[in-house]
Each structure stands twice: as structure tokens, then as C-alpha cells.
Protein chains: 2
Amino acid sequence: MADFDPAEDELTPPPEGTGAISAHMTPDRQASHFKRARHARETEIIEDYVELIADLIDEQGEARAVDIAKRLGVTGATVNKMVARLKQMNLVNAEPYRSVFLTDEGREMAEASRERHHIVVALLRVVGVDEATAWADAEGMEHRCSPETLMAFKEFVKRHKS
Amino acid sequence: MADFDPAEDELTPPPEGTGAISAHMTPDRQASHFKRARHARETEIIEDYVELIADLIDEQGEARAVDIAKRLGVTGATVNKMVARLKQMNLVNAEPYRSVFLTDEGREMAEASRERHHIVVALLRVVGVDEATAWADAEGMEHRCSPETLMAFKEFVKRHKS
DNA sequence: TATAAAAGTTAGCCTTGACTAATAATTGTA
DNA sequence: TACAATTATTAGTCAAGGCTAACTTTTATA
Ligand SMILES: [Mn+2]
Ligand SMILES: [Mn+2]
Ligand SMILES: [Mn+2]
Ligand SMILES: [Mn+2]
């Protein structure tokens, strides 16, 4: 952790040949892309949990561990441990044997995740991906799009929604 | 590992409300999306190593551990351990104190990864993402697009290349 | 050709995010 | 209200993918 420092993350122009390196893509800049990618990997699971907890609360009135486990396809033990982490991070409130609730911070993250998720699905649909595939692929892609890219997706979708 | 079985991975239609579940998005289907996503996370780092090794070989004639480390932004020790894993997986050939070479299988994976990487960048450019952001975001997104989505991207780019 | 610098290796540590198995608490039902 | 079924918790295990520090080998150069 603490491997990625946004301050030194200057976005990098593209290569010219087949490989990745050119005058614009120095080893250092490429390394910063990989660091950014590793950072995104770290937050992705947290985001999925929080978004799913919000979905359960909104759909069923509460988020029980057993339902979280069912929808994520993991065991209850895994959920239990992760909920403890989310609590530690002040994203949820949880008491033993009770269901899970979002803090204000958690709710905020959930809404943001949900919006990104939907933008990615919409973009995929607009460029011709079928609905089933769009929902499947968005589950991973959503975590790897920068705000800039999401904004571009949003505007592109708006222009091509017809 | 071995958590994702492509056979039972039926692609899933979308939700209707705000949350994720509807008649078409059952808990089971949503779980299969998450499993697919976890599977992609597992292979992503392997793909980055192999693609980078190919880049180094093509650009510099050989892939030395020190250069792999520099471009990935990790330590030499990390590269050493990972190269041992790649060798185990029959993706590279490597001897102590010598640089790393791709097996036929490794070269194949590298070419495929490279192509996906370029398709994703091209798609992002077409929908209005600037070049620097496109290269940064593609580093993560490239691993999370299904073949169906990549095909859609490819065709969309072809139609909108002008 | 010595010697210093650079590169590679190894051992040991850490966190994350899975798992199983055993146990405990809660909830539904006869 | 008992008791069974469901749900939650805890303890222990594991692999992946990072790290540092110490050491060895190779390579470059004085
Ligand atoms: Mn999501
Ligand atoms: Mn997701
Ligand atoms: Mn790539
Ligand atoms: Mn990548």
C-alpha cells in the first residue's frame, strides 16, 4: 500500500512503435501508469462491497451478510472479515449478528460507484455491446476509468443516445 | 483460484431499478459476474508482465529484470519471484543471471494483450478521451473487456476512425 | 587484471482476500 | 416454549504480490 502517489502521477502520452516506449512514454511514466493500476486494484473490492450493500438496503431494506455473500459468490466468513474492514474504514456501521448499514461516507462512495457503473454500461451499449455483456464487463471496467474518462463517456452517451 | 468456471458463466441481462437486481439479474447471475471479475484480476498481472517482456525484447533485444522492474515500478526482488512463476506457467524461459525470453505460449499471450491494449486505447480516443488519459486508463481496462466487447470496440473504431 | 558498480538472487516479512471447519447466536416453527 | 434451521462469528490455512536487507554473480572500468 501507499505505493501510488497521485501527485507524481502525470498522465502520459502514447507510444509510436509497436512497443510502449517512445519519446513520450518513458520508463518512469509507464511505471506511474502501472502504479495507478495497482492502486485501482486495491480499491475495487471495497467499492463492490459498498455498492452492493447500498443495493441491498435500497431493495430489501437491509443488508444481511448472507445476502452479500450470495450476490458476491463468496462465503459468509469472507464477508464477515471484509465487513470488519469496512467498519474500520468508517464506511459501514455493523454490530454482531445484525445487518450492515452505510455511514454517510459509505453512502457517498456507493452512489459514486453506482453512477460510474451505470455510465460504463451506457457507454458499452452505445458502442454496440449487447446488454448482457455490458453488465458483465462493466463489473470490472467501472473501477478502472478515471474521472476524465467517465466524463467523456457521459458526454459521448448523451450525444449518441438517440 | 479455480473459482471461476466459464461453463456456468451465462451472461446476464440488466436491471431495471436503481439497484442491480431484477427479474433478469438474479443473485446467482450477479455472483457469476463478480466471479468473472475476480478471475480477471488474477490474470491481469501476468498479462502485464508478459506484454512488457515482449516490448522490451522487441525494443531492446532482451528483457532484463532490472528493466522490467523499472517500467513496472516494482523492486527487482518482486520481478525475480514473478519470473519464476511465469517460468512455472511455461510463459517464459529464464536462466539465473540471464535475461528473460518468451516461450511460444508467452509470445502468443503478449501479442494478444498488446492488441487488446491498442484496441482499448483506440476506442477511448474515438469517444473523446485525451491521449494521455487513454493510455493511463487502458492499462487497467484492457484486462476487463471480454472478447465480445473488444470486437465491438474494434468495429466501432473502424466506423468512426475518420 | 583487480576492483568497483550494477544486476540478480535469496530469505524473511507483510497485507489482502479467499477458503474450511467448528462454534455460537438468532429466528422460525411445531 | 422447545427445538431445528438459518445465520453469524471465529480460528486457522493458503496463495498472490508486494517489500527490505543481505548476499552473490556478472559486468564495466581504472
Ligand atoms: Mn459496481
Ligand atoms: Mn465492480
Ligand atoms: Mn497491456
Ligand atoms: Mn495492463
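The chains referred to below are lettered A, B, ... by the order of the sequence lines, with proteins before strands, and numbering in each begins at 1.
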Notebook entry, point to check: Just wondering, more than 12 heavy atoms not from A:Glu62 lying within 6.0 Å of its CD?
Noted result: yes
Item checked: Whole-Å distance separating the CG atom of B:Leu72 from the C1' atom of D:dC19 -> 15 Å
Margin query: Tell me the interatomic distance from B:Met82, atom CE, to D:dC19, atom P, rounded to whole angstroms.
Written below: 11 Å
Tell me which donor-acceptor pairs under 3.5 Å the side chains of residues 149-158 of chain A have, and how far apart each pair is, sequence neighbours excluded?
| unit_1 | atom_1 | unit_2 | atom_2 | d |
| --- | --- | --- | --- | --- |
| A:Thr149 | OG1 | A:Ser146 | OG | 3.3 |
| A:Thr149 | OG1 | B:Asp137 | OD2 | 2.6 |
| A:Lys154 | NZ | A:Glu115 | OE2 | 3.1 |

Note to self: Show me the pairs that pass ring pair (Phe, Tyr, Trp, His ring centres under 6.0 Å) and involve residues 49-103 of chain A, at least two apart or across chains.
What the structure shows: none
Check: For the pair made of CD1 in A:Ile68 and P in D:dT6, what is the distance, rounded to whole Å?
Finding: 20 Å
Short N/O separations, protein against nucleotides 8-11 of chain C, under 3.5 angstrom:
| unit_1 | atom_1 | unit_2 | atom_2 | d |
| --- | --- | --- | --- | --- |
| C:dG8 | OP1 | B:Ala65 | N | 3.4 |
| C:dG8 | OP2 | B:Val66 | N | 2.6 |
| C:dG8 | O3' | B:Tyr97 | N | 3.2 |
| C:dT9 | OP1 | B:Tyr97 | N | 2.8 |
| C:dT9 | OP2 | B:Asn80 | ND2 | 2.2 |
| C:dT9 | O5' | B:Asn80 | ND2 | 3.2 |

Item checked: Side-chain donor or acceptor of B:Arg64 paired with backbone N/O of B:Ile68 under 3.5 Å -> no
Notebook entry, point to check: When the distance from CZ of B:Arg38 to P of D:dA15 is rounded to whole Å, what number comes out?
Noted result: 19 Å
Notebook entry, point to check: Is A:Arg144 salt-bridged to B:Glu44, going by a charged N under 4.0 Å from an acidic O?
Noted result: yes
Notebook entry, point to check: Starting at NZ of B:Lys35 and ending at P of C:dA18, how long is that distance when rounded to a whole Å?
Noted result: 12 Å
Next item on the list: Find out whether B:Leu124 and A:Glu148 are in side-chain contact, i.e. whether some heavy atom of one side chain is under 4.5 Å from a heavy atom of the other.
Entry: no
Next item on the list: Give the rounded distance in Å between these two atoms: CD1 of B:Ile45 and C1' of C:dT15.
Entry: 14 Å
Checklist line | Separation of C:dT15 P from A:Glu42 CD (nearest whole Å) | finding: 13 Å
Checklist line | Presence of A:Thr78 side-chain N/O under 4.0 Å of C:dC19 phosphate oxygens OP1/OP2 | finding: yes
Checklist line | Whole angstrom value for the distance that separates C1' of D:dG18 from CZ of A:Arg41 | finding: 11 Å
